[in-house]
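This report refers to the structure that appears directly beneath it.
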Number of protein chains: 2
Amino acid sequence: MDDRDWELLRHLQADARLSFSELSRRVHLSPPAVAERVRRLEETGVIRGYHAHVDLARAGWTVVALIRMSCYGPRCVLRDPEVREWPEVFEIHRITGDACCVLKVAATSMEGFERLIDRLAPYGRPSSTMVLSTPVAWRPVVPPPSGP
Amino acid sequence: MDDRDWELLRHLQADARLSFSELSRRVHLSPPAVAERVRRLEETGVIRGYHAHVDLARAGWTVVALIRMSCYGPRCVLRDPEVREWPEVFEIHRITGDACCVLKVAATSMEGFERLIDRLAPYGRPSSTMVLSTPVAWRPVVPPPSGP
DNA sequence: CATGAAAGATACAGGGT
DNA sequence: ACCCTGTATCTTTCATG
């Protein structure tokens, strides 16, 4: 991971559809050299994928919430592979503290959100926080500071 | 937004670097037709961008946390355009409840995390929850259910 | 939307430092 | 290990129907 790799990451995070040719111009390397570096970043797992970022609201998912789940031991959300397939569930983070995990979820209406809560309730006690807006939805990963 | 648009979104969310030609084969349309549909999805804001997804840990940001900020009125995090430029801050959500917003942040060490908390403290009382792991980091947006 | 041709990009070889 | 040039093949773009 040298400076050139970070430059490539910077550009691919801002626009994942940039061609190797365009990247090669921006980092002053030949297209094959760029292609090989990018392949290496993919294979070492630094790049986990390339995703089109779809606006939830414009796609019809107007209600967004964060749900802290206090799960009932063996019936935990983290232990059921089905929950992570529900289309309303977009992120699951295991966390420290008295709760077990946080879900980022969406619904098409408050009614749909209520039904989602009902489906989660068997796993544990859900504590919901509605997301009013998302001033920062995404920021690129930059090189970590080298010094202390 | 017809079925073909949703098919395109499905593929572009799974792999944002797919060529228009490859997409055209998958949705059974000509490449120019695909290109025009994708441009329309971009211009109407359904597609907000294409991002390479970088693994935080592999990039050196080993400590991840969610911070609920209870801000001091005018000194709120949401009102300061600087905070959203800090490299440690990856998401900001305005929320309901007694807190003002939730930040998803990362640091390269606990020491670095402590310093970040110190920098946030002037804006309000931070309540930190460490992220132990992220079983679901990302899921594609699918068409919302049509019926009630 | 589809077709077709020109311009551009990729992939893969081979060779250099 | 890393990079560059060559060329054949694929892709994008734009005009046209």
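Convention: sequence-line order gives letters A, B, ...; per-chain numbering from 1.
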Exercise. Can you list the residues that meet the side-chain contact (heavy atoms from CB on, under 4.5 Å) rule with A:E42, with sequence neighbours excluded?
Worked result: A:V38, A:R39, A:I47, A:Y50
Problem set entry | Anti versus syn assignment for D:dG6, with syn defined as within 90° of 0 | syn
Problem set entry | Pairing of B:D80 and B:R75 as salt bridge, 4.0 angstrom limit | no
Problem set entry | side-chain contact (heavy atoms from CB on, under 4.5 Å) against B:D2, all qualifying residues, sequence neighbours excluded | B:R4, B:D5, B:R37
Exercise. Any side-chain N or O of A:R37 under 4.0 Å from OP1/OP2 of D:dC3?
Worked result: yes
Exercise. What residues, two or more places apart in sequence or in another chain, satisfy salt bridge (charged side-chain N to carboxylate O under 4.0 Å, His left out) together with B:R119?
Worked result: B:E88
Problem set entry | Contact summary for A:W61 and B:P145, nearest pair of heavy atoms | CH2-CD, 4.0 Å
Exercise. Considering only heavy atoms, which members of residues 2-10 of chain A lie under 4.0 Å from some atom of DNA chain C?
Worked result: none
For this session: Could you tell me whether a side-chain N or O of A:Q13 sits under 3.5 Å from a main-chain N or O of B:V54, the two making a donor and an acceptor?
Result: no
Look for any protein N or O under 3.5 Å of an N or O in nucleotides 4-7 of chain D and output each such pair with its distance, or none.
unit_1, atom_1, unit_2, atom_2, d
D:dC4, OP2, A:S30, N, 2.8
D:dC4, OP2, A:S30, OG, 2.7

For this session: Check the distance between D:dA1's P and A:E36's CD and give it to me in whole angstrom.
Result: 10 Å
Problem set entry | Pairing residues for A:R48 by the salt bridge (charged side-chain N to carboxylate O under 4.0 Å, His left out) criterion, not counting sequence neighbours | B:D55
For this session: Answer yes when A:E7 and A:R10 have at least one side-chain N-carboxylate O distance shorter than 4.0 Å, and no when they do not.
Result: yes
For this session: Please report the shortest heavy-atom distance between A:W6 and A:P144, naming the atom on each side.
Result: CZ2-CD, 3.8 Å
Exercise. Is atom CD of B:E82 surrounded by more than 12 heavy atoms (other residues, nucleotides or ligands) closer than 6.0 Å?
Worked result: no
For this session: Provide the closest heavy-atom pair for B:T96 versus A:T129 in the form atom of the first, atom of the second, distance.
Result: O-CG2, 3.4 Å
Exercise. With sequence neighbours left out, what residues match A:H51 under ring pair (Phe, Tyr, Trp, His ring centres under 6.0 Å)?
Worked result: B:H53, B:W138
Problem set entry | Within residues 16-24 of chain A, residues whose heavy atoms come under 4.0 Å of DNA chain D | none
Seminar exercise, completed: Excluding A:V63, membership of its hydrophobic cluster (Ile, Leu, Val, Met, Phe, Trp, Tyr; side-chain heavy atoms within less than 4.5 Å) reads A:I67, A:M69, A:V77, A:L78, A:V83, A:W86, A:V89, A:I92, A:L103, A:V105, A:M110, A:F113, A:L116, A:I117, A:L120, A:Y123, A:M130, B:V136
Exercise. Mind checking what makes salt bridge (charged side-chain N to carboxylate O under 4.0 Å, His left out) contact with A:R26, not counting sequence neighbours?
Worked result: A:E22
Problem set entry | 5'-to-3' dot-bracket of DNA chain C (Watson-Crick, G-U; under 3.5 angstrom; crossing pairs as [ ]; | other strand) | |||||||||||.|||||
Exercise. Does A:Y72 have A:R79 sitting over its ring (NZ/CZ under 6.0 Å from centre, angle to axis within 45°)?
Worked result: no
Problem set entry | Heavy-atom contact window of chain A on DNA chain C, given 5' to 3' at under 4.0 Å | C:dA9 to C:dC12
